[in-house]
Asker: 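Can you keep this structure in mind? I'll have questions shortly.
Below, read A as the first sequence line, B as the second, and so on, with proteins coming before strands; counting in each chain starts at 1.
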There are 4 protein chains.
Amino acid sequence: MRAVTFQAPFEVRVEEVPDPRITAPGDAIVKVQATGVCGSDLHIYHGRVKIEPGFVIGHEFVGTVLQTGDHVTRVKPGDRVLGCFQTACGRCFFCLRGLFHKCEHSRTFGHGATLGDLAGSQAEQVLVPGADLALRRVPESMASEVALFAGDVMGTGYHAVVDAGLTPGDSVGVLGLGPVGLCAVQAARAFGAAQVFAIDSVQARLDLAQSFGAVPLHLEESDLRQEVRAATEGRGLDVVVDAVGDPRALESAIRLARKCGTVQAIGVYAERCEVHMGLAWIKALRLHTGHANVIGHVDAVLALMQAGRLDPSPLVTHHLPLDEAADAYALYDRREALKIVLQP
Amino acid sequence: MRAVTFQAPFEVRVEEVPDPRITAPGDAIVKVQATGVCGSDLHIYHGRVKIEPGFVIGHEFVGTVLQTGDHVTRVKPGDRVLGCFQTACGRCFFCLRGLFHKCEHSRTFGHGATLGDLAGSQAEQVLVPGADLALRRVPESMASEVALFAGDVMGTGYHAVVDAGLTPGDSVGVLGLGPVGLCAVQAARAFGAAQVFAIDSVQARLDLAQSFGAVPLHLEESDLRQEVRAATEGRGLDVVVDAVGDPRALESAIRLARKCGTVQAIGVYAERCEVHMGLAWIKALRLHTGHANVIGHVDAVLALMQAGRLDPSPLVTHHLPLDEAADAYALYDRREALKIVLQP
Amino acid sequence: MRAVTFQAPFEVRVEEVPDPRITAPGDAIVKVQATGVCGSDLHIYHGRVKIEPGFVIGHEFVGTVLQTGDHVTRVKPGDRVLGCFQTACGRCFFCLRGLFHKCEHSRTFGHGATLGDLAGSQAEQVLVPGADLALRRVPESMASEVALFAGDVMGTGYHAVVDAGLTPGDSVGVLGLGPVGLCAVQAARAFGAAQVFAIDSVQARLDLAQSFGAVPLHLEESDLRQEVRAATEGRGLDVVVDAVGDPRALESAIRLARKCGTVQAIGVYAERCEVHMGLAWIKALRLHTGHANVIGHVDAVLALMQAGRLDPSPLVTHHLPLDEAADAYALYDRREALKIVLQP
Amino acid sequence: MRAVTFQAPFEVRVEEVPDPRITAPGDAIVKVQATGVCGSDLHIYHGRVKIEPGFVIGHEFVGTVLQTGDHVTRVKPGDRVLGCFQTACGRCFFCLRGLFHKCEHSRTFGHGATLGDLAGSQAEQVLVPGADLALRRVPESMASEVALFAGDVMGTGYHAVVDAGLTPGDSVGVLGLGPVGLCAVQAARAFGAAQVFAIDSVQARLDLAQSFGAVPLHLEESDLRQEVRAATEGRGLDVVVDAVGDPRALESAIRLARKCGTVQAIGVYAERCEVHMGLAWIKALRLHTGHANVIGHVDAVLALMQAGRLDPSPLVTHHLPLDEAADAYALYDRREALKIVLQP
C-alpha cells in the first residue's frame, strides 16, 4: 500500500509499504479515508522527536473497518470509524482507573519504536491494536474530517478544560491559539465559562477565537494582566490553559491565574525550565500537566460534535491527496495551515 | 410603606406597614425596584405553607441599598443590588463548608415565623440581614428583572445541573418545565450537555424549552423511554432533573436514568411517598435532594447572565405595579404566567 | 469435579459436574482453594433469587490458576489469585468510566441464567471469563481466607465508605452489622472517620464492631438520635451506611444523617417502598444506592489488607470441607456464622 | 502586658506592650495559656521575613476568651479556645468558596505590616479579628498543647493529604520530617494510605515517623527510587508531599510520583527555581502548591485529635515560660526541638 514515511528531518515521502496484518485477537485493520497532519507530526518533521527512517507516520484518522480479530466486539467490518492517536490495553493499573493516556501498554500511531512501534495512519490502511478502545463508530451524519478531531485535537481541547475542573461561570484564559488552543476555547465556551480570553500574536487566530465567542487579546499589543484584572474584579482567571508549552507561556499563565486557580499545561514540556514557584505557591495554584486522555473523552467529544456544541470544521484549512504529503508538511511547516486533511 | 401581605388562603392584600429598621451590624435596607411572584409564593397563597395573617410576603428582589449596618462591607448605599431568597450567617458549620442553603441561622424572606420571621420583598423596602452574603451588586448593563432571577429561579436551575455533577457530553432530562425546569434546561445546555430532553404536558412550555436548545417530549404524547433509549444507545440519561416534586415524576426520573446516573430532585417533596428503591438500587443511582444553594452560586449565575450564556428574560411574561399584587397572584394561580414582576 | 449445586429452596448438594473448559481468549480456569458462603448465597438458598436446579453456586474464591486463554496477560498458570464476585468486559461504556459493577457484559458467579449463566466457585474448579479484570494475584504473605474478602465483602465495605465521599474527620453511622456492615465499620475507621457509630441488635456483633473502634449502639436499647445528637453538637451524622436494605433502616438512616449528609444504601433493595422523601428533601440529603464496584476497588482493598489497615480475619467464624456444604448452608441460615470458608 | 517582640535578626525580646483592645464587632481578646514556636517563626528570626522591630510575634495559641465584640456568636468569655494562624473575613469571593487561606482580608498573627499588621500570640493576650472564624472551642478533655496544633501544624498536615486527594489504599511519600512532615505522615496513615514512605536525613525524625506507621527512608542512605519501585510494582507513589520547599525536594517528588500522581508542595517556595517540567509533563502529574487552609479544616482536625486518630503530642519536645522566649528561639534555631510550647 501507499504510505507517508519519515526519511530525515524536513523530508517525508510517499512510498509503497507492506499491507498491515492482524496479529492479535484485539486488532482491527482500517482502510483510511481521511488522515490529518498535526502539530505533533511537525516535531517528527523537524527531527526533534527521533524515529526510524522509513517509519510510517500520522496519528489522526477516519476510515472503514476492513477486518477484525476474534476478541473485537465494538466495531465490525464495514463500520466507519475514527481512531484515537494512541491505543490502550483496558486492563492495566492505569486503564482500570480510566487513565488511558498513561496505559502501561499504550502505543502511539506513527511515532517510531520508542512509542510502541506502531505504523502511522497517513497510509491507505492502518493496523489498530486494542480496537475496542482506540476506535469509535462515527455517526452517519458527521463528516469524516470533523470526526477526525475527536481522536486528537478536539479530545485535547476537551481534556484541557474538563481536567482543569472548570466550574460554570468561571473566567478562562487560553494561551496559544493553534488547533489545540482553539479547540480549548470552544470547549471552555461550551462547558459554561462566562468569559474566555484567547491570547496569541497571530491576528487570524485571534479572529477565529473571537468567532468562537472568546475575547481576543493580542500577546504583544494588549496589557494582558490589566485586561484580565479589569474583567475579574482584580482577581485573575479561574483557569488558564497553556497551549504553548514554553516557559514564558507558563510564567504568563501563573501571572494571569487567580489565587487557588488552575493552570492547565496542555502544551508539551520536554525539559527542565525555570518556573516561578514562588508566585505559584503564594497564590496556591494547581498546575496540571500532560497530554490528553483522548480515549477517556472520545464518546463525550463525539456526542458534543454531533450535537453541534463543538465544531472543529473552521479549523480545516486544507485538503490534499495523500500523495502530496510532502507538500502538505512543507505548507504546515510554514504555518500556513491550521489543519490539513490528507485523503488516500 | 406599602407591602403585600398574606391574609388568608387565596387572599393577599397591599397595605401600609411600618418601614424596616436596621437592628444588627450586618443588616442593610433595600428600596425595592422589582420583585417577583414565584411558585413558592403560590404554596403560601394556597395555604399549604402556613404563615401569619398580615405577614409581608415575597422573596425575589432587586433594588437600591438605602442604608447599611456597621459590619457591612460588600455593598453600600446607592448600590443597585439583587437579593437571594434566603440569608446565611457565614460562620456556622454549614456556611464554613459552603452549604449556605442549610445555614443554621438562615432566614427566608416572606415565609413567616417558621422560616426565620423575616418580612418579604413584595414591598417598597426590605430589611436584609447578613447583607454581605445575601446581596450582590448588579452589573450596570443588566436589567433588574433579569438580575432578579439570580437570587432564586436561575440560581436553582444552575444548582440542579451543577449539583448533579454534569460532565460535558452528557445527556440530560428535565421533568417539569415551570420556571425552574426551564432554567435547568438553559443551564444544562450552557454547561455542556450534548442532549437535553425537556418533558412537560404544556405545549407552550415545550416550545420555549425547544427554543433554548432542548428536544421537547410531550409527557402524554411521547413514549419517553423509547425516545430516550433511541438517543442514548439504549442506556438512558446521565442526569435527570425532577423539577416537579411528585412521586410520579420521581418514578419517571428513575426509569429514564441510566445505570449509575444521577436523579436531581430539585422539585419540592414534603411527605413520605412510595419510591421504586428496587429499580434505583439495581441501577446504582444517586438521588440528590433539596433546594438550591443560591448564595453559593450567585456570583457564577450573575457572570453567566452578564455574558448572555444564561438568559431568563423569555420567562418574564408579566409586569404589574405592586398595588395590583392581588391580581398578580390570581393570574399566577391560573397558570397564565411564568414570571410576574411587580414594581413598587 | 465436585461442586455445590442448588437443588431447591433449602436444599444444596455436592455432586459431580463436568470440569470447566476455556472457550474464549480472555478466560482462565482456577483450582479453588477456599470459597466463602455469603449472605447473597442465602437469597438463593431461600429461593428468593431464582436459579436453575443443578446450577453450581458460590461467588467468593481464592485458588491457583490452572490455564489461561490467549488474551490473558495479568495472571498465568501457577499464580495464586482471588476472584471478584462478578466479571466485566473492560470495553463497554460503563467499564470505560470505571463503573465495572454495571458492565454491559458482566456475569455474576453462581447466580444462574439471569445473571450471566456463569457456574459458581463452590467447586473444585471455576471458569473465569475476563480473567485480567476479575482476578488478582494474592500477595504471598496473605492468607487465602483473608484474600477471599477482597473480591466481595471487604470490597463492599470499602465501596460503601469511599462512594459516600467520606471526608477525614467525619462522623459515620453503620446500620446493620452483618459482614458487610462490619467491613464498612473497619473501612470508615481506616479512612479517617473521627467517630463511627455501629448499630445492630445482636450483642456479639456490637462487641465486634466495638473491637474495630466503633461506638456500639443497640438498636432497641439505645436512643439512637439522642446518642448521635449528643456526639455531633446536635447536627447528625455526615455519612450513614444502610447495610440492611429495609425501609425501616432507610428511614433511620435519613433521620440520623445531618443536613447535606449522605445516605449510602449498600443493603439490597428489590422493590418499591415508602421513603420519607419530605425529610430527605428538607435535609438536602444525597442517597447513593447499588452494590459495590468490587473490580474498581480490588487493588486498593488488597493493598490495605496487606498493610493490615483492613483485616477481615475476625469475621471468619467457620471452616468446613466443601463436601459439608449442606451443613454449612444450614448453619449460616441459622445465623450462627459470620463467614464460612469452604475448602475443596 | 508581656509579649515576645522581634528586634533584629537573631534577637527577640520579652517586653511590656499595651494590652489589646476590641475595635470591631467581630473581635475577641484571648488570654493566652499556651503558644508555640514554629518553623515560620524562624523565618522571622533569621530576618528572611521582614517585620518591624518591636512587633509582637507568634501565631499558634490556646487560651481563654476574655472579651468579645457585638457580632461574635460562636465563642464567649470564659471559653477555652484555640486560634488559627490567620484570620478570614467569611464574606469575600474566596471565603464564600471555602478558600479561607486566600481570604482577601486575611491577617496573619505575628507577621508584621505586610501580612495584616496583627500582633502575635507569644504574649499574655492576643486580639483576634473575625473571632467566629479564627477561634474554636477546645474539647474539655484535650490538652492545650495538643489543641495548639489544630490551628497550624496539624491543620497543615491534614491539608497536605486531603488537598492531594488521597484515595484509601494509596501509597504516599512525605519528603521532610519536620513537624509538618510528621503531621502529614500521621494524616496519611489515618486517612487510609496503605503505605507511607517517610524521607529525611535525621535518624530521630525517621524513628518518630516509623512509630507513626511509616516506612522510614534515609535520604542519603537509601536508594529512594529503588525502594519505592519495589513497593509499588514499579509504578511510583500515588501522592508525594514535599514538606521541604526546596528545588531538590521538588525534583525528588516528581521522580518518586507515579504517572498521573499528585505532588503536594506544602513546603514554602518563595522564588523562581528550575523544575523538571519535562518529567512532570510526560508523567501527567498534578502539582498542588500553597499553604494550608487551616480555617477550612480546623473542625475536622479537632474531631480527629479528640478521637485520638491524630495525635501531635509526641512532637512537643519542650515547655518553657514565655519569659524565656529568647532561649526558646535559640534552641529552636539549633534544631534541637520539634515543638516548643511557651506558657505566659
Asker: To the closest 0.5 Å, what do you measure between CE (A:Met277) and CG (D:Asp242)?
Answerer: 7.5 Å

Asker: Identify which part of A:His101 has an atom lying under 4.5 Å from any heavy atom of chain D, answering side chain, backbone, both or neither.
Answerer: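 For A:His101, the contact with chain D is made by the side chain alone.
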
Asker: For the candidates D:Arg235, D:Lys283, D:Glu233, which exhibits the highest count of non-hydrogen atom pairs separated by less than 4.5 Å from chain A?
Answerer: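 The answer is D:Arg235.
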
Asker: With a 4.5 angstrom heavy-atom cut-off, is it the side chain or the backbone of A:Cys103 that approaches chain D, or both, or neither?
Answerer: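 Only the backbone of A:Cys103 comes within 4.5 Å of chain D.
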
Asker: Is it the side chain or the backbone of A:Ile254 that comes within 4.5 Å of chain D heavy atoms, both, or neither?
Answerer: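 No part of A:Ile254 comes within 4.5 Å of chain D.
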
Asker: Between D:Pro247, D:Ala270, D:Gly278, D:Ala280, who has the most heavy-atom pairs with chain A when the cutoff is under 4.5 Å?
Answerer: D:Gly278

Asker: What's the verdict on side-chain contact (heavy atoms from CB on, under 4.5 Å) for A:Arg272 and D:Glu274, showing C-alpha distance, side-chain angles and the deciding distance?
Answerer: CA-CA 6 Å; A:Arg272 281 192 175 76; D:Glu274 195 182 76; 2.8 Å; yes

Asker: Would D:Glu271 and A:His276 count as a side-chain contact (heavy atoms from CB on, under 4.5 Å) here? Give the steps.
Answerer: CA-CA 6 Å; D:Glu271 298 173 13; A:His276 203 329; 5.9 Å; no

Asker: When only pairs under 4.5 Å are counted, which of D:Gly245, D:Ala265, D:Cys260 shares the most heavy-atom pairs with chain A?
Answerer: D:Cys260

Asker: Between A:Glu251 and chain D, with a heavy-atom cut-off of 4.5 Å, which part of the residue counts as in contact: side chain, backbone, both or neither?
Answerer: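 Side chain only.
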
Asker: Heavy-atom cut-off 4.5 Å, strictly under: side chain, backbone, both or neither for A:Val263 against chain D?
Answerer: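 The answer is neither part of A:Val263.
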
Asker: Tell me, out of A:Arg97, A:Lys259, A:Arg258, A:Glu104, who's got the most heavy-atom pairs with chain D below 4.5 Å.
Answerer: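 Sorted descending by pairs with chain D, the first entry is A:Lys259.
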
Asker: Check this for me, if you would: do A:Asp163 and D:Arg286 make a salt bridge, where the nitrogen-to-carboxylate-oxygen distance has to be below 4.0 angstrom?
Answerer: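 D:Arg286 and A:Asp163: salt-bridged.
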
Asker: Heavy-atom pairs under 4.5 Å with chain D - which of A:Asn293, A:Leu99, A:Leu250 has more of them than the others?
Answerer: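 Of the options given, most contacts go to A:Leu99.
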
Asker: As an exercise, state the distance from CD1 of D:Ile282 to NE2 of A:His291, rounded to the nearest 0.5 Å.
Answerer: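 Going from CD1 on D:Ile282 over to NE2 on A:His291, the span is 6.0 Å.
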
Asker: For A:Arg248, does the CZ atom sit with more than 12 other heavy atoms under 6.0 Å from it, leaving out its own atoms?
Answerer: no

Asker: For the residue pair D:Thr289 and A:Trp281, what are the closest heavy atoms and their distance?
Answerer: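 Heavy atoms of D:Thr289 and A:Trp281 come nearest at OG1-CA, 3.6 Å.
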
